[in-house]
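Quick note on labels: first sequence line is chain A, next is B, and so on, each numbered from 1. Computation of the quantities below employed the complete heavy-atom set of this structure, encompassing side-chain atoms and omitting hydrogens, waters and symmetry-equivalent molecules.
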Protein chains: 2
Amino acid sequence: MSKYSRQREMILDALTGNRCHPTADWVYNHLKPDNPALSMGTVYRNLNFLVERGLVRKLSVPGEADRFDGQADTHMHFRCRQCGSLIDLKGEAAEEILDFARRFRDLTGLEMDPAGLVLEGRCEACSGDSPGNCS
Amino acid sequence: MSKYSRQREMILDALTGNRCHPTADWVYNHLKPDNPALSMGTVYRNLNFLVERGLVRKLSVPGEADRFDGQADTHMHFRCRQCGSLIDLKGEAAEEILDFARRFRDLTGLEMDPAGLVLEGRCEACSGDSPGNCS
DNA sequence: CTAATAACAGTAATCGTTACTATTATTCAA
DNA sequence: TTGAATAATAGTAACGATTACTGTTATTAG
């Protein structure tokens, strides 16, 4: 059904060996120098392929390009509207969200999917009095 | 600073007198028949203006056009990934989210903004065994 | 009434993403 | 090992949502 390709492997590697949450554009520019023939279509096609296979998570950020996460463990994200940083929510924070999801389901009958969840607000650094402390 | 315009008033009215969550395109097509000169730029400019003024809420849905909500009371939303419906979360469900936001802040120091929140998952109708029950 | 300017309509441009097409690479069975 | 079948590619064109630009119209304040 699906065939091996060097490009797909490189694209996956670029995500798994990376703690940030790259955009398709970042992946493209990251791999382009060593692979001058790489095309943007290939990057998008493979990212979507990997998302479908569950190897990669897609994170939607309003008004910006989608971000992709190659971390295997289930976790959620928080985005600061002020400084734009995307923060991983693991451990206790992740548990808190899962607890909420259960209570929310029992109350409303709505089965929310915590995977791919991106909460939005203001991070600790940006909540301080001093403005501009979050370049 | 800002001047009155008939178009802005109409656009606001189209949202407040409406329980669904229209897109810019919907607003445009809704008003166009009675206002043949209306332009899309005017719709977007005014929607963004109203959002900045806090009279209207913008709801981002991954991969789709933004939706706008003219309901005055603070509430959140749930989107079913299967049938696409956008459900208002008020009363108990809204309280549950606000409770969660407080606990989450205390735990992580992250100040999430419940306004504009769109949780994603599967609605009750789509969670049933029978497939296709949610046209 | 008039000058200043916010808002407009119409159109072009932008951005992220997907679709198309001809070519290349992988696979699997003879 | 060869070769047909076809997945995946590179390159480019198209797409949809949104914003930016430009010359004109409408509102406002003196």
**OP:** Please round to 10 degrees the angle between the axis of the first five pairs and the axis of the last five pairs in the helix from C/dC1-D/dG30 to C/dA30-D/dT1.
**Re:** 30°
Original post:
Salt-bridged, A/Arg122 to B/Asp113, with N to O below 4.0 Å?
Top reply: no
Original post:
OP1 or OP2 of D/dT9 sitting under 4.0 Å from any side-chain N/O of A/Asn35?
Top reply: no
Original post:
Within the side chain of B/Asn35, is there an N or O that forms a donor-acceptor pair under 3.5 Å with the backbone of B/Ala37?
Top reply: no
**OP:** May I have the distance from A/Leu47 (atom CG) to D/dT9 (atom P), rounded to whole angstrom?
**Re:** 11 Å
Subject >> A/Lys32 side-chain proximity, nearest of D/dG11, D/dA10, C/dA9 >> reply: D/dG11
**OP:** For a side chain to side chain donor-acceptor pair (under 3.5 Å) with B/Asp69, tell me which candidate from B/Arg57, B/His77, B/Lys58 qualifies.
**Re:** B/His77
**OP:** Using distance alone, with no hydrogens and no angle criterion, decide if B/His21 and B/Asp88 have a side-chain donor and acceptor under 3.5 Å apart.
**Re:** yes
Original post:
Given the rule that I, L, V, M, F, W and Y join up when any side-chain heavy atoms are under 4.5 Å apart, are A/Tyr4 and A/Val56 in one cluster?
Top reply: no
Original post:
Can you give one letter per nucleotide of nucleotides 11-30 of chain C, 5' to 3': B if a protein heavy atom sits under 4.0 Å from the base, S if only from the sugar-phosphate, - if neither?
Top reply: -----SBB-------BS---
**OP:** Check the angle between the aromatic planes of B/Phe104 and B/Phe100 and answer parallel, tilted or perpendicular using the 30° and 60° thresholds.
**Re:** tilted
Original post:
Do A/Thr42 and A/Arg45 have side-chain atoms, one donor and one acceptor, less than 3.5 Å apart?
Top reply: yes
Original post:
Are OP1 or OP2 of D/dA26 and a side-chain N or O of B/Gln7 less than 4.0 angstrom apart?
Top reply: no
Original post:
Are A/Arg103 and A/Asp106 ion-paired here, with the side-chain N under 4.0 Å from a carboxylate O?
Top reply: no
Subject >> Sidechain N-carboxylate O distance under 4.0 Å for A/Glu64, A/Arg79 >> reply: yes
Original post:
When rounded to the nearest 0.5 angstrom, what is the spacing between SG in A/Cys80 and CG in A/Leu119?
Top reply: 12.5 Å
Subject >> Interatomic distance where CZ belongs to B/Phe49 and C1' belongs to C/dC8 [whole Å] >> reply: 14 Å
Original post:
Which parts of residues 8-20 of chain B get close to DNA chain D, meaning a heavy atom less than 4.0 angstrom away?
Top reply: none
Original post:
Are B/Leu15 and B/Leu47 close enough that some pair of their side-chain heavy atoms sits under 4.5 Å apart?
Top reply: yes
Original post:
Can you tell me how far C1' of D/dA7 sits from CD of A/Glu52, to the nearest Å?
Top reply: 15 Å
